[in-house]
Chemist: 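First, the structure itself, so that you have it in front of you.
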Amino acid sequence: MFAEEGQLLEVLKRQCSNAPLRYRKYQRDLLDALAQILMIERVNRTAPSNVVQQIEGKCEALAELVLRGNAAETKE
Amino acid sequence: MRLLSAHVKNVKLLRDIAFEFSTDSKRPLTVIRAENASGKTSLLTALTWALYGTKALEDPAIRLGPAYWPIGRPCLISVDMQFDHHFTSRLSGRLTSGEKRFRLIRSVTETPREKTFDRSADHVELFKMSERGAESLDSPELILDDLLPKEVRDIFFTNGDAAMVFISMRAGRTSKRDQVKDAIRALLGIGILEVSEDHLTRVKSRFAKHIAEQSSNADLVKFAKALEEVEQRAKHAAEERKNADRQIETLSRACETLERKLQEMLRAGDYEQLAEERRKLFLSRDRMTKIADDLAEQHRELFGSESLSWYLIGDQCVLALRELEKLHKRGIIPKTAVPVLRERLDMGKCICGADLGGGTPGRLAVETLLREQKDADSDRETLTRLYFGLKSEVDDWTERENTWANELMRCGSNRVALLKQDEELAREMESLDRKIDQIKSSGIEDLRRDFEAKRRALSVQQDQRNKAMIDERVATERVKELSARVQELRLLDSKLRTLGARVDVSQDLLNVVKETIEELQQVALKKVASRMNELFLAMVGADPDQRGLYRRATIAHNYEIVVETADARTLDPDLELNGAAQRMLTFAFIWALTEVSGVRAPRIIDTPLGMMSGSVKGRVLELISANEEGNRELQVVLFLTRSEIAQTEAVLDRRAGKVVTFSNSDHYPVDLVNKPLVEEPQILMCGCDHRRTCEVCQRRSDDLFGLATR
């Protein structure tokens, strides 16, 4: 991506810190998921693919972490 | 991106030119010194073409190769360049950054024909360079577009004369805004976020739909459906509000401009009043024309009058009268002697008592005298008439000796005075006509109507914004309520926990993306505007002619660049700024944008310092090459003429890491001193910097610039 990714990621990180804390490390994982989604979008620009399906996969993975994280924290 | 080197072959007169760019962050300037028609624009074309391809050429229908290339002979054109690209990414939860080195080779073959030419498709090779060697990359055009998208081409490749697309009057207002908007969006990465927002919205809708499909709870289905509708309503209201905001800003500025134009026109005067003044002036001039006609008639009469004759021959008449008076005194005139002599002959006796009888000598003498008198009689008659005529006329003329001259003087003076008055009235009339034309041409009434229409439209937009704001607020509140309700119902159904979590995380991702876009757009835009203002004021502050004229330069929410004067007027940059200020504003915008975005890319500017005076040039150079933060990748490539360089040498001494000179061999013998050792016309490159000259680049005007011979 042409734009300065460091700065963009800093803004994303700041915004992620405003997201609800669905489990302890949720905000960090949310940022990771976003970084991966942006990577998918970036790759999609040069090599088009079914980007919605790939993003859906990332959301499902993060949702899985939410469910597991909730379960683990409940056990604790 | 940081340029390392370029090797150009057969682009126009750049037959075979290779040079390196400065990569010294303390001396970030690379200067290509070249006079007019010495390869500056060709080099800009070559670099732009290498990175963006044929579509980026100003006119792809114009040949890229040398103009003199023989017809029918293929010409291989190529640019081989190396550059580094800085990257940052998040791997395993950590931000990592680094640099990748690339080599780009773009080539094309052109074959000139009689009137046209054939051009092959571009051949592009992109290599990733590493210690292991050069790795050829697939889809080089797509990668290049990702590294340096076309939207930012005008940010980094600037032609100082022609490419001020952000404020230039050559571009339409909407086009300029789009240019500014696209550049900002590309540099800040907003475009890719907006695409992500759209994709995440679709993903979330799919998850929500699955819930509705799989739930057996009728309430949950009902509320989920309602939630989706209300979310759409909230989104629609937000878009309407933003759209209204943009319209309001545009209309407010339009109203302000129209109001200013109206005021200017009203200062010129009211049309009816001006028309009445003009009518009065016309009548005055009409009266004057009649008076002038009378005076002209009097003038003409003066030249046909008897007094003119007297004026012309008066002196001669006086002399003649004197002579006639002498004749009169001598008794020659009037002719009174003849009747007396005849009477005495009849009487036979003279007045003196002498005998005048027949045959006497006295009688013979008188008879002789009478004969003589008779011969002169017709002359005396004439002289007598003249004597008595002249005597009365000359006496009269002597009394009014200067009448004709005075009349002439009076008549002439009156006519001159009248002429002056008429000229004065004509000037007044011209002035009035100009004012009237101004009103007519600009159409004060049209302007008023336009102004009122804009005011009404503004009022409508304000109402729409208020309504959209209320709708948005209501919908947002309702979304919260419904979300909570859906959440509650979802928790009751354990089957839906997974789908629910997916909706939640997609919503969280969506919120982060939306807020990031908002932050980048608003906060970054403000930062760009603020920095642009600082730089612009610093640049214009160095110009004594413009210092204090401007209060600030800013970027409106609709991406329009505007300048405000010290007396709080808003200026249209493309119409109301001079050339030097326009360039400063363009540089200020480009520099602010790249600084705020943190993007590392070279800024290449052709003839940047035109229209600027010495001190201003130095200040601008200082500002555009300043590297206070020690940015390792700051790189500025300037194409400068000797005139542009003049008085900036000290700045270049400190800031220029690489300087080369281009000379056109065709400029010998007119401009170049030494005959180039080449057969065909081409650009010659030498290593002379801004203070030196050599056998290759020495020009006849070099003495003006105090250059030292190498």
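Heavy atoms only: backbone and side chains are in, while hydrogens, waters and symmetry mates are out.
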Chemist: To the nearest 0.5 Å, what is the distance between CZ on A/Arg42 and CD1 on B/Ile192?
Modeler: 8.0 Å

Chemist: What's the spacing between B/Arg502 CZ and A/Leu62 CG if we round to 0.5 Å?
Modeler: 11.5 Å

Chemist: Would A/Leu8 and B/Leu520 count as a side-chain contact (heavy atoms from CB on, under 4.5 Å) here? Give the steps.
Modeler: CA-CA 8 Å; A/Leu8 181 57; B/Leu520 285 173; 3.5 Å; yes

Chemist: Using the side chain to side chain donor-acceptor pair (under 3.5 Å) criterion, which residues pair with A/Gln53? Sequence neighbours excluded.
Modeler: A/Asn50

Chemist: Mind running side-chain contact (heavy atoms from CB on, under 4.5 Å) on A/Arg22 and B/Asp508 for me, showing each step along the way?
Modeler: CA-CA 10 Å; A/Arg22 299 191 185 279; B/Asp508 290 345; 2.6 Å; yes

Chemist: At a 4.5 Å cut-off on heavy atoms, which part of A/Val11 comes close to chain B: side chain, backbone, both, or neither?
Modeler: both

Chemist: Between B/Asp504 and chain A, with a heavy-atom cut-off of 4.5 Å, which part of the residue counts as in contact: side chain, backbone, both or neither?
Modeler: both

Chemist: How many angstroms lie between CG in A/Leu34 and OG1 in B/Thr516, if you round to the nearest 0.5 Å?
Modeler: 7.0 Å

Chemist: Partners of B/Arg485 by side chain to side chain donor-acceptor pair (under 3.5 Å), sequence neighbours excluded?
Modeler: B/Glu488

Chemist: Would a 4.5 Å heavy-atom cut-off, applied to side chains only, mark B/Arg206 and A/Val52 as touching?
Modeler: yes

Chemist: Would you mind telling me which of A/Ile37, A/Val66, A/Val51, A/Leu65 has the largest number of heavy-atom pairs within less than 4.5 Å of chain B?
Modeler: A/Val51

Chemist: To the nearest 0.5 Å, what is the distance between CD on B/Glu194 and CD on A/Glu41?
Modeler: 11.5 Å

Chemist: Would one find more than 12 heavy atoms of other residues, nucleotides or ligands at under 6.0 Å from atom CZ of B/Arg531?
Modeler: yes

Chemist: To the nearest 0.5 Å, what is the distance between CG (A/Leu67) and OG1 (B/Thr498)?
Modeler: 5.0 Å

Chemist: With chain B, which of A/Ala61, A/Ala19, A/Pro20 has the greatest number of heavy-atom pairs at distances under 4.5 Å?
Modeler: A/Pro20

Chemist: Could you give the distance from NZ (A/Lys58) to CG (B/Leu200), rounded to the nearest 0.5 Å?
Modeler: 13.0 Å

Chemist: So do B/Glu515 and A/Asn18 actually touch side chain to side chain, heavy atoms under 4.5 Å?
Modeler: no

Chemist: In terms of heavy-atom pairs under 4.5 Å with chain A, which of B/Leu499, B/Val195, B/Val503 leads?
Modeler: B/Val195

Chemist: Looking at B/Val505 and A/Cys59, what are the two nearest heavy atoms and their distance?
Modeler: CG2-O, 3.3 Å

Chemist: Is it true that B/Glu519 and A/Arg14 have a side-chain N and a carboxylate O under 4.0 angstrom from each other?
Modeler: yes

